[in-house]
Amino acid sequence: MQLLLIHSDYIEYEVKKSTPVAEEIEESFRTGRLEEALTAFMAVEKADESDVDDIINKAVGEIRNVAGQVKAANVMLYPYAHLSSDLSSPKVAVAVLKGVEKALSGDYNVKRAPFGWYKAFRISCKGHPLSELSRSIVPQGKPAVCAEPVVCIPEEKEEVVSEALKAESTAKSYWHILTPDGQLHSTEDFDFTGHENLKKFVNYEISKQRAVERAPPHVELMRRLEIADYEPGSDSGNMRFYPKGRLIKSLLENFVLEESYKVGAMEVETPLMYDMEHPTLKKYLDRFPARQYSIESDKRHMFLRFAACFGQFLMNHDMTISYKSLPLKMIEMTRYSFRKEQRGELVGLRRLRAFTMPDMHSLCTDMQQAVEQFDAQYNMCISVLDKVGIKVDDFEVAVRFTRDFYNDNKDFITNLAKTVKKPVLVEMWDTRFFYFVLKFEFNFVDALAKASALSTVQIDVENAERYGINYIDTDGVAKKPVILHCSPSGAIERCIYGLLEKEAMRTENGGVPMLPVWLSPTQVRVIPISDKHMEFAQQIADQLQCRVDIDDREDTVGKKVREAAREWIPYVVVIGDKEAETGNINVTIRAESQPEKPKKVEMTAEQLNARILSETEGMPYKGLPLAKMLSVRPKFL
RNA sequence: GCCUCUGUGGCUUAGCGGUAUAGCGGCUGAUUCGUAAUCAGCAGGUCGGGGGUUCAAAUCCCCCCGGAGGCUCCA
């Protein structure tokens with residue numbers, strides 16, 4: 001049985017004309033209307049004839065379940081043949097419909113639309129996520145058949161569901177834990193001892209245990225550190241970034257770009273908005289409905305990109321590409337990518353509606369080259385996150401693929417677990433539901449056991465065809481490449497979220513939080529004890545080739561030191577008479593300090609300079625984006 | 001989208017039917033200071049917006065608009 005459940009403000013129908021299979025009906029049955037109803041469009045299928053009672057039970061169970069969730073007291077049962085191409089006999093269908101009606105009628109106000117009649121109907125869909133659900137139900141012993149995924153795009157205003165209404169099926173997932181020795185374990189039986197984070201991740205992915213009792217700690221940190229904040233003048237999930245946040249983002253963006261140049265990627269720039277009616281894009285969009293911002297421009301209907309795929313694939317389509325150029329890599333630092341995520345999912349920097357995503361695509365000659373590239377990019381992603389400050393121990397790996405791909409590439413997939421030297425979560429599908437046959441993600445598990453994806457690579461076997469992307473092979477024939485999608489770090493904002501959450505966990509465990517030195521907005525804070533030490537403080541600051549500032553405000557040393565600590569500044573230098581005499585400086589090193597036990601070391605300015613240069617070697621650098629003198633700095637919060 | 005909670009000066013916040021609290025920050029003055037908050041003074045609010053109940057509303061009720069959490073979703 002195919003079941004489509006719509007939580008509606010109202011549903012009404014009127015019988016127009018009978019079909020040859022029409023059931024006989026009374027006059028009162030010719031029209032019907034229910035307010036605040038769960039409407040169940042039902043198509044009884046051939047396979048259901050083998051066990052009518054079981055089908056009725058299962059359908060009743062699904063309807064009860066959803067009706068309970070949406071708190072609907074009224075249920076409209078609506079026979080809808082168009083949901084299936086393999087219908088049962090009318091006799092069985094009527095029997096099933098009546099059976100369902102009878103089973104529900106005790107607990108709900110149930111109405112049933114007549115079977116076998118052409119009916120005019122109007123329905124107003126409430127539009128919340130639970131308001132549109134489809135279910136495929138099969139009798140015992142029969143395998144589920146995946147219907148072709150077709151999509152119904154909800155209208156903004158009152159919606160009239162038409163003939164085009166069809167179901168969007170969901171793929172069945174098989175979950176496993178893959179250990180580095182190549183064994184697939186059941187997620188229920190696997191011993192998670194020593195892999196507590198993986199356990200949290202698995203719970204998050206499979207059990208959907210996501211209740212949380214407090215706001216994630218990075219939200220307060222992002223504000224206190226003057227990195228980012230909510231912008232009430234914009235849409236939710238569109239953040240403002242203060243100078244320190246912009247600096248951190250800029251450094252991260254530059255770093256990811258540099259790393260991708262190293263593997264041969266060409267940086268490009270593509271438009272933010274696209275024509276909704278463009279035939280190729282329309283087809284692509286139809287697979288992922290209702291998640292993009294749309295805007296009206298004159299009479300054209302545009303949408304904002306949710307990745308760089310559109311622009312890069314359209315560019316690839318127009319290019320002349322020889323096999324000699326493959327693998328061909330292009331990257332764009334998308335500022336921004338837009339996704340109209342559901343309101344309740346937006347928290348701090350974890351999930352945004354406008355975010356900066358490095359998006360790299362690699363065109364490969366064939367699956368073999370794609371797999372080689374996948375492996376190389378898997379390792380690249382590990383290295384990128386490591387240098388950002390997110391280590392292998394800080395994330396959990398998920399690998400997702402089709403059963404066919406796994407059977408052809410068992411050793412290769414096992415190797416992914418070997419590389420990270422720990423068990424990984426595996427999700428397998430019988431049929432390919434998405435555009436990829438293989439993907440991995442690195443999932444950061446935060447202080448509240450919520451998981452979110454950072455780096456990812458996917459092997460796309462669908463879009464070369466859809467976008468008409470070709471390369472000319474050695475034999476002079478145009479062929480379709482296999483395309484890899486890769487985000488080496490994941491969204492830049494999400495990296496910042498990860499770093500802040502990681503440091504929040506460090507604080508909870510009795511550590512001293514800080515950002516990597518190369519990302520710290522102020523790397524050295526110089527604190528003169530009084531006005532007369534200002535000149536020497538200036539001299540010290542001038543000798544340091546990094547982001548130095550001077551706290552020249554009229555406050556006590558104690559207060560200035562406290563504020564430097566609250567800003568997580570890696571090196572704090574107090575300048576007084578002693579330093580002016582010896583020429584040496586007293587440096588508090590945050591990385592080596594413990595709570596209430598600062599580590600203070602006497603050294604020369606040259607030594608401090610050398611230390612910082614070696615710590616930040618090979619990483620991007622930008623100057624201080626704020627006034628050097630704290631006394632003239634504005635406060636953002 | 002739905003459910004729950006929430007909205008008091010730039011920030012954090014007390015008050016929850018009877019003239020609006022305090023701290024931080026800001027400004028002014030004093031202090032020139034050796035490692036987690038120097039002292040004093042001043043300015044700053046039609047308590048998110050609109051409507052209603054009441055002699056009286058920040059406080060109770062209704063509608064709207066922000067914000068947070070949950071559900072759901074997550075290429």
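Chain identifiers are assigned alphabetically (A, B, ...) following the order of the sequence lines, protein sequences preceding nucleic acid strands; residue numbering begins at 1 within each chain. Predicted, not measured: the structure shown is a model, and the values here were computed from it.
- Residue A/Glu579 places a side-chain atom within donor-acceptor reach of the base of B/rG34, judged by atom type and a 3.5 Å distance cut-off alone.
- A/Phe303 and A/Phe306 have tilted rings, their planes meeting at an angle from 30° to 60° on a 0 to 90° scale.
- Base contact: A/Gly576 has a heavy atom under 4.0 Å from a base atom.
- With P as the reference atom, B/rC16 and B/rU6 are 15 Å apart, rounded to whole Å.
- Within the cation-pi definition used here (under 6.0 Å to the ring centroid, within 45° of the axis), A/Arg494 does not qualify as a partner of A/Phe444.
- Using bins of under 30°, 30° to 60° and over 60° for the plane-to-plane angle, the ring pair A/Tyr274/A/Phe310 lands in the tilted bin.
- Taking the six-membered ring for Trp and the full ring otherwise, A/His485 and A/Tyr435 have centroids separated by under 6.0 Å.
- Comparing atom distances between the A/Arg223 side chain and each of B/rG25, B/rG34, B/rC11 picks out B/rC11 as nearest.
- In terms of phosphate contacts, A/Lys450 brings a side-chain nitrogen or oxygen within less than 4.0 Å of OP1 or OP2 of B/rG70.
- Residue A/Glu535 qualifies as open at atom CD: its count of foreign heavy atoms under 6.0 Å is 12 or below.
- Map A/Pro598 and A/His485 each onto its nearest nucleotide of RNA chain B; the residue landing nearer the 5' end is A/Pro598.
- The side chain of A/Arg562 lies closest to B/rA36 when the candidates are B/rU35, B/rA75, B/rA36.
- Closest contact between the side chain of A/Lys532 and the listed nucleotides B/rU38, B/rG34, B/rC33 involves B/rC33.
- Ranking B/rU32, B/rU35, B/rG70 by closeness to the A/Glu554 side chain, first place goes to B/rU32.
- For the P atoms, the distance from B/rG10 to B/rU19 is 24 Å, rounded to whole Å.
- Taking only side-chain nitrogens and oxygens, A/Lys597 never comes nearer than 4.0 Å to OP1 or OP2 of B/rA36.
- Under 4.0 angstrom from either OP1 or OP2 of B/rA68 there lies at least one side-chain N or O belonging to A/Tyr230.
- Looking at the side chain of A/Lys600, the nearest of the listed nucleotides B/rU35, B/rG26, B/rA75 is B/rU35.
- Closest approach to the A/Ser530 side chain among B/rU32, B/rA37, B/rU12 is made by B/rU32 (side chain taken as heavy atoms from C-beta onward).
- Annotation: B/rG67 and B/rC11 have their C1' atoms spaced 15 Å apart (nearest Å).
- Between the NZ atom of A/Lys559 and the P atom of B/rC33 there is a distance of 18 Å, rounded to whole Å.
- Comparing A/Ala565 and A/Arg494 by the nucleotide of RNA chain B that holds the closest heavy atom to each, the one mapping nearer the 5' end is A/Ala565.
- In this structure, of B/rG34, B/rC33, B/rG26, it is B/rC33 that holds the atom nearest to the side chain of A/Thr556.
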